[in-house]
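Here the structure comes first, spelled out in structure tokens, and everything after it is commentary.
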2 protein chains.
Amino acid sequence: MNSAVVPDAPRMAVSVTVDLVIFTVRDEALHVLLVRRGKEPFLGRSALPGGYVRPDENLDAAALRELSEETGVDGRELRLAQLRAYGDPGRDPRGRVITVAYLALGPDLPDPVAGTDAADAVWVPVERALSPGFGLSFDHGRILSDAVEEARSRLEYTTVAADFCREPFTVSDLRRVYEVIWGTALDPSNFRRKVLRTAGFVEPTGERRAAEAGRPAALYRFGGATELYPPLLRSGDVVR
Amino acid sequence: MNSAVVPDAPRMAVSVTVDLVIFTVRDEALHVLLVRRGKEPFLGRSALPGGYVRPDENLDAAALRELSEETGVDGRELRLAQLRAYGDPGRDPRGRVITVAYLALGPDLPDPVAGTDAADAVWVPVERALSPGFGLSFDHGRILSDAVEEARSRLEYTTVAADFCREPFTVSDLRRVYEVIWGTALDPSNFRRKVLRTAGFVEPTGERRAAEAGRPAALYRFGGATELYPPLLRSGDVVR
DNA sequence: CGATTTTTGGTCACTCTGACTCTAAGCCCG
DNA sequence: CGGGCTTAGAGTCAGAGTGACCAAAAATCG
């Protein structure tokens, strides 16, 4: 098959990029992984990690590569999932650039090591990244907003919350993920009941962990289920 | 701002298209709107309606335009929503083409009028379109499969089922939408209770419609709510 | 040791759901 | 015209799940 372009249709000067929204929970707040841009446009400003898709690379592979190159994070242990595509004309001053945004949730990852390509990757509280004065590049503020809403929703119907927790973890660790991302307080007892009765969400390791205060908590590992059925709905609660 | 392309990054020869999955319920079966291709590649084969995004057009606008041009359907009355992007190298023999797929559900629309651009648009039962011998173009089989699963899921958490019904409609009309798309039988009485008690799903018109058989059913119109809370979950039922 | 903190177990009332029964109101057909 | 058929719609009942509580267990801190 001839891989050259067949001149049979209106073509346009267009590029395709991938952008990644990587979340983690740190210090009781949702953080997003951002890089400082090293070139124009938006030189020196913060942006989501991402970059051009290469000619022989599928979108998922491009996302993994850019994540690794720009931040040093190995995305293979993350569940990267497509968020959606953004393609308004004018969203990128370099020309027509369509981007495919990916979303993943990770445990509290180590700070990027200086001296590598990833030297300029940092964890930023989402609240700060979205504040008006912060000045995210391109339309990354919009993408980040959409990603937050998507993450909130996924917590309801899937077990992704466990992705935020390094194993082994406690039920309280898991609960704090929900509380931070939803911005609501959950009843510890009811939450525990729900998690433990959902087949495949967590399984006990038999160990316990002594905390700074209070009774030591039992430790669990992820149970392998991806769907959460019935879902864990955030009800009308509005706290904070 | 110079809208010419800044030569600062690896570019690739790439095009962006939109493809549309438009569903309707007809004759107790889920149908999808397909067109017969008038050019290479896949000349004469069936495909999802869609085409190239123009330089100054955002993705949503491109989807609306292609839908109208190729099928004569006015998408403004449909709730078009992005499904996801597909960009594997090799998915299009013309070169590197990334497509953004859209999904919408419509009431039983009139057959396309011959003599227009839309002459070759037809409603095809999804089951047939997905059968091995049917030969959808490109990776449209994959896209269609994903769209079916997405539609099934959206019925659970949103009120999109009403998009399938031309107003005014009966509760049974609405139930048939669920039954056809999920492929399960639902209890008429329980379904009615759920729909009527969900604020904003439907509102009564006060009229009744005499059916071919049985007691005349009360007529309703859509109530404006988009979310369905609590959701209407397809439980473990597996029928058909 | 007592105060404090966090985990963990339990109760209770309420809602929602699925399965089911029964009545209402039309049409068809003999 | 009246019985049979069909679909709409009302209601009942038991069980699952949830939110709001209460209370005990097991650690640390002073």
Side-chain angles (χ1 to χ4, degrees), chain A residues 28 155-157 159 165 168-180 182 184-220 225 227-239, chain B residues 28 155-157 165 168-180 182 184-220 227-239:
Chain A
E28 308 284 302
L155 286 192
E156 295 188 303
Y157 306 112
T159 59
C165 300
F169 54 84
T170 69
V171 174
S172 294
D173 292 339
L174 200 57
R175 178 166 50 83
R176 255 179 287 277
V177 170
Y178 278 88
E179 292 182 330
V180 164
W182 284 353
T184 64
L186 298 178
D187 182 278
S189 189
N190 292 339
F191 180 82
R192 153 179 266 290
R193 178 181 59 193
K194 174 72 182 180
V195 168
L196 294 185
R197 287 200 186 166
T198 299
F201 199 168
V202 300
E203 49 189 37
T205 65
E207 310 274 303
R208 306 191 147 261
R209 175 200 293 165
E212 300 157 10
R215 175 175 174 172
L219 291 170
Y220 298 84
E227 301 299 307
L228 196 46
Y229 186 88
L232 178 46
L233 300 170
R234 47 187 158 156
S235 21
D237 316 308
V238 182
V239 182
Chain B
E28 308 284 303
L155 286 192
E156 295 188 305
Y157 305 114
C165 300
F169 54 85
T170 69
V171 174
S172 293
D173 292 339
L174 200 56
R175 178 166 49 83
R176 255 180 286 279
V177 170
Y178 277 88
E179 292 183 331
V180 164
W182 284 353
T184 64
L186 298 177
D187 183 279
S189 189
N190 293 338
F191 180 82
R192 149 174 274 277
R193 178 180 58 193
K194 174 71 182 181
V195 168
L196 294 184
R197 286 199 187 167
T198 299
F201 199 168
V202 301
E203 50 190 37
T205 65
E207 310 275 304
R208 303 191 149 262
R209 173 201 295 165
E212 299 156 11
R215 172 176 173 174
L219 290 170
Y220 298 85
E227 301 299 305
L228 195 47
Y229 186 88
L232 178 46
L233 301 170
R234 46 185 160 158
S235 22
D237 317 307
V238 182
V239 182

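Within every chain, numbering begins at 1; the chains are lettered A, B, ... in the order of the sequence lines, protein sequences first and strands thereafter.
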| remark: Contacts of P231(B) and G214(A) projected onto DNA chain C by closest heavy atom; the upstream (5') one is G214(A)

| field | With E203(A) via salt bridge (charged side-chain N to carboxylate O under 4.0 Å, His left out) - residues at least two apart | value | R221(A)

| field | Between P of dT5(C) and CZ of R176(A), the distance in whole Å | value | 15 Å

| Nearest-0.5 Å distance that lies between atom OH in Y220(B) and atom CG in L174(B) | 10.5 Å

| message | Both P230(A) and E212(A) contact DNA chain D. Taking the nearest nucleotide for each, which residue is further toward the 5' end? | response | P230(A)

| Please give, in whole Å, the distance from dT15(C) P to L233(B) CG? | 19 Å

Enumerate the protein-to-nucleotides 9-11 of chain C contacts in which both atoms are nitrogen or oxygen and the separation is below 3.5 Å.
residue, atom, partner, partner atom, Å
dG9(C), OP2, R192(A), NH1, 3.2
dG9(C), N7, S189(A), OG, 3.4
dG9(C), O6, S189(A), OG, 2.8
dG10(C), O6, S189(A), OG, 2.8

| query | Rounded to the nearest Å, what distance is computed from the CG atom of residue L232(B) to the P atom of nucleotide dT17(C)? | reply | 8 Å

| request: Figure out the OH/C1' separation between Y229(B) and dC16(C), and round it to whole Å. | output: 12 Å

| message | Can you confirm whether L233(B) sits close enough to Y229(A) that some side-chain heavy atom of one is under 4.5 Å from a side-chain heavy atom of the other? | response | yes

| request: Output the single nucleotide from dT6(D), dT6(C), dA8(D) whose closest atom is nearest the side chain of S172(A). | output: dT6(C)

| field | Check: R234(B) side chain, Y178(B) main-chain N or O, donor-acceptor pair, under 3.5 Å | value | no

| said: Check the phosphate of dT7(D) against R175(B), side-chain N and O only, distance under 4.0 Å to OP1 or OP2. Yes or no? | reply: no

| field | Value in whole Å for how far the C1' atom of dA19(C) lies from CG of L186(B) | value | 14 Å

| query | Does W182(B) reach the side chain of E156(B), with side-chain heavy atoms less than 4.5 Å apart? | reply | yes

| request: Please work out if T170(B) contacts a base, only the sugar-phosphate, or nothing of the nucleic acid, heavy-atom cut-off 4.0 Å. | output: nothing

| query | Separation of F191(B) atom CZ from dA10(D) atom P, in whole Å? | reply | 15 Å

| message | Rounding to an integer number of Å, can you tell me how far L219(A) CG sits from dA27(D) P? | response | 13 Å

| message | Could you tell me if the side chain of N190(B) sits less than 4.5 Å from the side chain of K194(B), heavy atoms only? | response | no

| note | Ordered by number, residues from residues 199-210 of chain A within less than 4.0 Å of DNA chain C (heavy atoms) are R208(A)

| Validation row: L232(A), Y157(A) side chains within 4.5 angstrom (heavy atoms) | no

| Closer than 4.0 Å, any side-chain N/O of K194(A) to the OP1 or OP2 of dG17(D)? | no

| message | Just so I know, are the side chains of V171(B) and V202(B) near enough to count as touching, which here means a heavy-atom distance under 4.5 Å? | response | no

| note | Here the gap from R208(B) atom CZ to R215(B) atom CZ, rounded to the nearest 0.5 Å, amounts to 5.5 Å

